[in-house]
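Below: the structure, in structure tokens.
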Amino acid sequence: MDDARRPLRPFLPALAGAALWALPAGAQGPGPEPFHLSLAYDGQLILKVLDIQVEETATATGYSGQVRLKSSGVLAAFKRFDTRADAQGRLGQGQAWPSAFHSQNVDSKANRRTTVAWTGSDVVATLSPPVHSMGDPPADGTQKLEAVDPVTGVLRLALAAEPCGRTLKLFDGKQRYDLDFGPGSAARIDTRELRLGLSGAVHCSVRFREVAGFKKKPEAERNQGLKHPIAITFARAGANGPWVISSVSSQTPLGSATITLQRVQR
């Protein structure tokens, strides 16, 4: 990933599945009631640089999600990109299980498509056009099997009674990385969140860790250039509705970056 997008990269997995219903604590049923949610986010590095659209649908036993990220404002003036991703899978025992993940990255350098399939005993990734290197070291079979795609990963957060205090193990077809969420604490609902109908906000920190599929580098530098934890706030859409990501912020090599929820449609 080029320097223009690198500071925002760790935020993107956290947004991919942010619109899904949460089961009550201890729920063991097949899944939430059918629903559809549409979310819109703005990303800023001093000025607005990113538009994010999230569409999520869940049935009693399955789910699908689509995400689109486009450069905007001053960033689009010198670096245009359009990233799209979708995932499908099943819901059971309060958990999300992926079956397929697709992504497409369109920018001035390449138009790459990635497909990842989970078969139960294997994870098969296809990149077109192929990349010259799958990383040093590349992700091995065990690392792929223990992970899920970014869309399914945040669905697992939404299905939890508490989205903080856990680790997401993610695989996007090439790169295997972890998001370590610290303990959660209650957060104050601000004017924007009230306008969006959010409630019950929870705040925690997140650390990004490269595991495999990246360029070889010292362990202290396997954090996408983020020297400090990312700050993230979750809230419920409605009195006891789905967990959604309300805001994400961090200090990056290019300055303070934020991603903020601007629209919720049910």
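Because the structure is a prediction, the values reported are computed rather than measured.
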Beyond-backbone contact of T61 with R90, side-chain heavy atoms, under 4.5 angstrom: no
Is I245 close to T233 at the side-chain level, that is, under 4.5 Å between some pair of heavy atoms? no
Tell me, please, which residues at least two apart from D180 pass side-chain hydrogen bond (donor to acceptor under 3.5 Å, both in side chains). T167, R209
Nearest 0.5 Å, please: how far is [atom2] in [Y] from [atom1] in [X]?
X	Y	atom1	atom2	answer
L69	I52	CG	CD1	5.0 Å
L157	E162	CG	CD	9.5 Å
R207	S250	CZ	OG	10.0 Å
L39	Q262	CG	CD	11.5 Å
I189	R195	CD1	CZ	13.0 Å
L168	D178	CG	CG	8.5 Å

Between [X] and [Y], what is the shortest heavy-atom contact and its length?
X	Y	result
W243	G200	CZ3-O, 3.5 Å
A96	P98	O-CD, 4.1 Å
A139	F171	CB-CE1, 4.1 Å
S205	P229	CB-CB, 3.8 Å
A231	H203	CB-CE1, 3.6 Å
P183	C164	C-CB, 4.1 Å

Treat each ILVMFWY residue as a node, draw an edge where side-chain heavy atoms are under 4.5 Å apart, and state whether [X] and [Y] are in one component.
X	Y	answer
L196	F234	yes
W118	W97	no
I232	L170	yes

Assess, by modelled atom type and distance only, whether the side chains of [X] and [Y] contain a donor and an acceptor separated by less than 3.5 Å.
X	Y	answer
T152	D149	yes
R192	S246	yes
T83	N105	yes

Among residues at least two apart in sequence or on other chains, which ones pass salt bridge (charged side-chain N to carboxylate O under 4.0 Å, His left out) with R84?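 In terms of salt bridge (charged side-chain N to carboxylate O under 4.0 Å, His left out), with neighbours along the sequence ignored, R84 is linked to D82.
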Counting only heavy atoms from other residues, nucleotides and ligands, does the tally under 6.0 Å from CZ of R188 exceed 12? no
With no hydrogens and no angle check, is any side-chain donor or acceptor of [X] less than 3.5 Å from a backbone partner on [Y]?
X	Y	answer
Q95	G92	no
Y41	V54	no
E221	P218	no
R68	Q53	no
K174	G213	yes
R236	L198	no

Can you name the side chain to side chain contact (heavy atoms under 4.5 Å, CB included) partners of T114, sequence neighbours left out?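 Side chain to side chain contact (heavy atoms under 4.5 Å, CB included) check on T114 returns S103, R112, V116, L127.
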Test side-chain hydrogen bond (donor to acceptor under 3.5 Å, both in side chains) on S99 and Q88; report intermediate values, then the result. CA-CA 6 Å; S99 59; Q88 301 81 42; 5.3 Å; no
By the definition side-chain hydrogen bond (donor to acceptor under 3.5 Å, both in side chains), identify the one residue from K217, R222, R176, Q175 that meets it with E210. K217
D86, V151, T126 screened by side chain to side chain contact (heavy atoms under 4.5 Å, CB included) with H102, the one that passes: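 It is D86, the one option of D86, V151, T126 that forms the side chain to side chain contact (heavy atoms under 4.5 Å, CB included) with H102.
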Apply side-chain contact (heavy atoms from CB on, under 4.5 Å) to K215 and S133, showing your working. CA-CA 9 Å; K215 294 180 179 179; S133 171; over 6 Å; no
Take the angle between the ring planes of F208 and Y177 and call it parallel below 30°, perpendicular above 60°, tilted in between.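 The rings of F208 and Y177 lie parallel, inter-plane angle below 30°.
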